[in-house]
2 protein chains.
Amino acid sequence: MSKKPEKTRDLLHSFGLRYSKPRNIILDYFHEKDRHTSAEHLFYDLKDRGHNLSLSTVYLNLSVLKNAGLIRELKGAMGEAIFDSNLSPHHHLVCEQCGEVMDVPIFTVAGEKPTYLLKAHAEQATGWKVKEPRLELRGLCPTCQNT
Amino acid sequence: MSKKPEKTRDLLHSFGLRYSKPRNIILDYFHEKDRHTSAEHLFYDLKDRGHNLSLSTVYLNLSVLKNAGLIRELKGAMGEAIFDSNLSPHHHLVCEQCGEVMDVPIFTVAGEKPTYLLKAHAEQATGWKVKEPRLELRGLCPTCQNT
DNA sequence: ATCATTGCAAACTGTTTGCATCAAG
DNA sequence: CTTGATGCAAACAGTTTGCAATGAT
């Protein structure tokens, strides 16, 4: 099932990263299909498949891959880090009960009348029940912009 | 500086909560002006003012007050819980560098052309540099809605 | 008198780090 | 050979919990 290591090696190199077996395994995992996974979940999933990476290696490489831009990070239902290999621009729907994460195309969410239609659109398009969206935008405050 | 305890007692009672000195102190803190604070920050702030609540009491009461609807929770720059006593609907701008949190009125953010104007509007209105907003909506997936 | 709240310490979860060993380039 | 990656264990931060003492109603 796994891609040819040379492929992965080239991919890593093109991002300025070294090849390693763990990285190959992790990238294979993500490339099988778009996945949303936490470090721990990935760790156990890989263990089930006979890949005994250490947990710290998993953490380390998720962070490396994220910094290289090969995967994206979001926050799960409990605030844990969730990694997503789908790089195309999209939003996320996170189930507060089971933790399930679903991708939401940006243009379904971004209707003409944002705050209200956001919720309605997303609910209609996905069947989820969406909590009142309170945005928590990240950025740099004026002071920190000059630092 | 602190409000009359009877006031706070009545407030707490009206929310079905018992009065206690820690709750009084914490509510006083929040009501002095709208504040954004983490549990730990609150703990030290109160210590500086001579109120030696235990950290677990601070955590417990923030959670109690939040569940009662007297304060709101959001996630800070590092994913820590930040509590906000401003209950009117608004969004937040969180500085990734210094952790500063700023309120953003909903209608400044929610323009006519959401995804794009969101960023532009917010930046223009606040002077912040806003990272591309990726929404992480919370809700219930179809399965969990029937549980 | 009853039952919730407090404070302390210990437990826990998610994540990071130090360091000796090992593999990639 | 040089530098970066691994794996383990220990360290950490933020938060929660168990429990006996205390305080509110």
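Lettering follows sequence order; numbering is per chain, from 1.
Atom CD1 in B:I25 sits about 14 Å away from atom P in D:dG23, given to the nearest Å. In this structure, A:K66 places its NZ atom 11 Å from P of C:dT15, rounding to the nearest Å. Whole-Å rounding puts the A:L12 CG to C:dG25 C1' distance at 13 Å. Separating the NE2 atom of A:H41 from the C1' atom of C:dT15 is a distance of 18 Å, rounded to the nearest angstrom. Atom CG of B:N61 and atom P of C:dT5 are 8 Å apart (whole Å). Between B:R23 atom CZ and C:dT6 atom C1' there is a gap of 10 Å when expressed in whole angstrom units. Computed from coordinates, the A:L55 CG to C:dT16 C1' distance equals 11 Å when rounded to whole Å. Here the P atom of nucleotide C:dT15 and the CD atom of B:E80 are 14 Å apart, to the nearest Å.
Residue B:Y19 is in sugar-phosphate contact alone, with no base atom involved, counting any heavy-atom pair closer than 4.0 Å across all strands shown. Residue contacts for A:H13: at a heavy-atom cut-off of 4.0 Å it reaches the sugar-phosphate backbone alone, with no base atom in range. Residue contacts for A:S20: at a heavy-atom cut-off of 4.0 Å it reaches the sugar-phosphate backbone alone, with no base atom in range.
Comparing A:S56 and B:K75 against DNA chain D, the residue whose closest nucleotide sits nearer the 5' end is A:S56. Along DNA chain D, the nucleotide nearest to A:S54 and the one nearest to B:A39 differ in position, and the one closer to the 5' end is contacted by A:S54.
OP1 or OP2 of C:dT15 lies within a sub-4.0 Å distance of a side-chain N or O belonging to A:Y59. Note on B:R18: every side-chain N or O is 4.0 Å or more away from OP1 and OP2 of D:dG23.
Defined by atom type and a distance below 3.5 Å, a donor-acceptor pair is missing between the side-chain atoms of A:S63 and A:N61.
For the pair B:E80 and B:K75, the salt-bridge criterion is not met [side-chain N within less than 4.0 Å of a carboxylate O]. A:K129 has a carboxylate O that lies under 4.0 Å from a charged side-chain N of A:E123, or vice versa, which qualifies the two as a salt bridge. Looking at A:E32 and A:R49, a side-chain N of the basic residue comes within less than 4.0 Å of a carboxylate O on the acidic one, giving a salt bridge.
Ranking C:dG14, D:dG14, D:dT25 by closeness to the B:R9 side chain, first place goes to D:dT25. Among D:dT15, C:dG7, C:dT15, the nucleotide with an atom closest to any side-chain atom of B:T57 is C:dG7.
In summary, of the residues considered (B:H36, B:R35, B:H41, B:E73), a side-chain contact (heavy atoms from CB on, under 4.5 Å) with B:F83 occurs for B:E73 alone.
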